[in-house]
Amino acid sequence: SRITSSRKREHLEICCDRQVEAGFSGFDDIRLVHNALPECDMSKIDTGVHFLGNKLKSPLFIAAMTGGHPDTAEVNMRLARAAQHFNIGMGVGSQRAALENPELEDSFTIVRENAPDAFLCGNLGAVQLVEKGIEWAERAVEMIDAQALCIHLNPLQEAIQPEGDHDSSGCLNAICELCSSFKHPVIVKETGCGISYETAAKLWGAGVSAIDIGGLGGTSWAAVEAVRADRDDLAETGRIFSDWGIPTAVSLVESSRFKGPVIATGGMRSGIDIAKSITLGATLGGMALPLLKPAMTGEEALFKRIELINRELVVSMYLTGAKSCQELAQVRTYITGITGDMLKNNKIPELK
Ligand code: FNR
């Protein structure tokens, strides 16, 4: 667990200081239809949403990032204070290190201490779920008194790490078992390569409560591994795979053709992207990297960034004539370029 813990800290530093974004999210190919006659009062626009029985003030979701190293506690505290202040949801980073070594729990428990009323999600890797089962899932939720548990999938990152877990057999079965007996909602999330229509069908079939698509176009774990690599061949593999995956906008359309709610994460970079994601079927729009940088600077920088994103969302809603996120979901979009081509040439009859 000492290795897991020090890697957490290294990840934060690399993500802040180096170029770790790769690929494209597809949101540049999406355009919201402008409404020159909004016929409403911008100050009365309500960005509130319901998600898994919780009322949130904005669809902006603080995506899973950190915890598990004493140095990450301050960042988690600031993110938690933001979640509490803005009444938005937040996911913590993988709790594996703290489950292995309870001395590291403080960097997670600080989140609930600073966000007593916020919607919080725990986080565990699918591979750990296979090994440790529901006992770890329960301990992860208890640690932060979470409302839901995220199970993350990261086969690309594991595959290119020499010390990674290269056997993902049994993940779907473990998710299925967890969903059938767990008292809390289970959210399955990718971490930068997206969820396809076929994978979404399997996950909804397993009984998940929500999917976080974690698509291509934002933070690339292959790019992070390329920076971390101490061998040229490993760095090369990381670079080669840094734009592997399904663009977030495409993954979103494919995954939201089912009944359950979807979180759009991966390369969401403004309130306009959040608005676009809602018109494509998302309930929430998650951001990691854009919030990490101000969170490392300080609480004021983080609060300002979130205010800006929320304002961009409100202006987007006003300019499409949407007074609520429900109305925004009905707004028409133009889909062009590679994103349009991918959605047309996907061989999924229902999506055409
Ligand atoms: C992450 N992400 C992540 N996801 C997860 O499920 N468990 C984790 O522990 C982490 N850790 C983590 C650390 C850091 C520093 C970053 C930037 C990201 C992935 C994250 O939740 C998200 O899915 C992707 O980063 C894509 O979103 P962005 O960064 O493009 O907005």
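Start at 1 and go down the list; that is how both ligands and their atoms are numbered. Heavy atoms only: backbone and side chains are in, while hydrogens, waters and symmetry mates are out.
No side-chain donor from either of T248 and S251 sits under 3.5 Å from a side-chain acceptor of the other. Side-chain contact annotation: D117 with Q84, donor-acceptor N/O pair under 3.5 Å present. The closest side-chain donor-acceptor pair between S324 and D46, if any, does not fall under 3.5 angstrom.
Between H11 and ligand 1, a contact under 3.5 Å exists for no N or O pair. Distances between N or O atoms of W221 and those of ligand 1 include no value under 3.5 Å. Taking only nitrogen or oxygen atoms, main chain and side chain alike, G214 does not reach within less than 3.5 Å of ligand 1. Taking only nitrogen or oxygen atoms, main chain and side chain alike, S94 reaches within less than 3.5 Å of ligand 1. For ligand 1, the polar-atom distance check against A288 finds a nitrogen or oxygen pair separated by under 3.5 Å.
Those atoms of ligand 1 with a heavy atom of M287 less than 4.0 angstrom away are 31 (O). Using a 4.0 Å cut-off to heavy atoms of G218, the atoms of ligand 1 that qualify are 30 (O). Within the listing of ligand 1, atoms 15 (C) sit less than 4.0 angstrom from a heavy atom of L12.
Residue C15 touches ligand 1 through its side chain alone, judged by heavy-atom distances below 4.0 Å. At a 4.0 Å heavy-atom cut-off, ligand 1 touches L289 through backbone and side chain alike. At a heavy-atom distance under 4.0 Å, no atom of Q95 approaches ligand 1. Contacts of N123 with ligand 1, taken as heavy-atom pairs under 4.0 Å, involve the side chain alone.
Screening residues 52-69 for side-chain hydrogen bond (donor to acceptor under 3.5 Å, both in side chains), with sequence neighbours left out, gives S58-N310.
Ligand 1 is never approached by E21 to a heavy-atom distance shorter than 4.0 Å. Heavy atoms of G267 approach ligand 1 to within less than 4.0 angstrom. At least one heavy atom of P290 sits closer than 4.0 Å to an atom of ligand 1. Not close to ligand 1: T66, with no non-hydrogen atom less than 4.0 angstrom away.
Residues E236 and R239 are paired through a salt bridge, judged by an N-O separation under 4.0 Å between the basic side chain and the carboxylate. R96 has a carboxylate O that lies under 4.0 Å from a charged side-chain N of E100, or vice versa, which qualifies the two as a salt bridge.
Of all protein heavy atoms, the one lying nearest to atom 26 (C) of ligand 1 is G266 CA, 3.7 Å. With respect to atom 29 (O) of ligand 1, the closest heavy atom belonging to the protein is T219 OG1, 2.5 Å. Of the protein's heavy atoms, K189 NZ, 3.1 Å lies nearest to atom 23 (O) of ligand 1. Of all protein heavy atoms, the one closest to atom 30 (O) of ligand 1 is R269 NH2, 2.8 Å. In terms of protein heavy atoms, atom 22 (C) of ligand 1 is closest to T265 CG2, 3.8 Å. Protein heavy atom nearest atom 11 (N) of ligand 1, with residue, atom name and distance: M65 O, 3.0 Å. If you check which protein heavy atom lies closest to atom 2 (N) of ligand 1, you get A64 O, 3.1 Å.
Taking the six-membered ring where tryptophan is involved, the planes of F86 and F303 are perpendicular, since the angle between them exceeds 60° and thus also 30°. Between W204 and F258, the angle of the ring planes lies from 30° to 60°, which puts this pair in the tilted group.
Between A288 and A64, the shortest heavy-atom distance links the atoms CB-O, 4.5 Å.
Panel note: side chain K189, backbone G214; no donor-acceptor pair is recorded below 3.5 Å. Here the side chain of Q147 pairs a donor or acceptor atom with the backbone of L120 at under 3.5 angstrom.
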Tabulate below the donor-acceptor pairs under 3.5 Å that side-chain atoms of residues 217-226 make, not counting sequence neighbours, or state none.
{"residue": "S220", "atom": "OG", "partner": "A222", "partner atom": "N", "Å": "3.3"}
{"residue": "S220", "atom": "OG", "partner": "A223", "partner atom": "N", "Å": "3.0"}
{"residue": "S220", "atom": "OG", "partner": "S242", "partner atom": "O", "Å": "3.3"}
{"residue": "W221", "atom": "NE1", "partner": "T191", "partner atom": "O", "Å": "3.4"}
{"residue": "E225", "atom": "OE1", "partner": "R228", "partner atom": "NH1", "Å": "2.8"}
{"residue": "E225", "atom": "OE2", "partner": "Q157", "partner atom": "NE2", "Å": "3.0"}
{"residue": "E225", "atom": "OE2", "partner": "Q161", "partner atom": "NE2", "Å": "2.8"}
{"residue": "E225", "atom": "OE2", "partner": "R228", "partner atom": "NH1", "Å": "3.4"}

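Counting only heavy atoms from C-beta outward, the side chains of L328 and T279 approach each other to under 4.5 Å. At a threshold of 4.5 Å between non-hydrogen side-chain atoms, the residues V20 and L289 count as touching.
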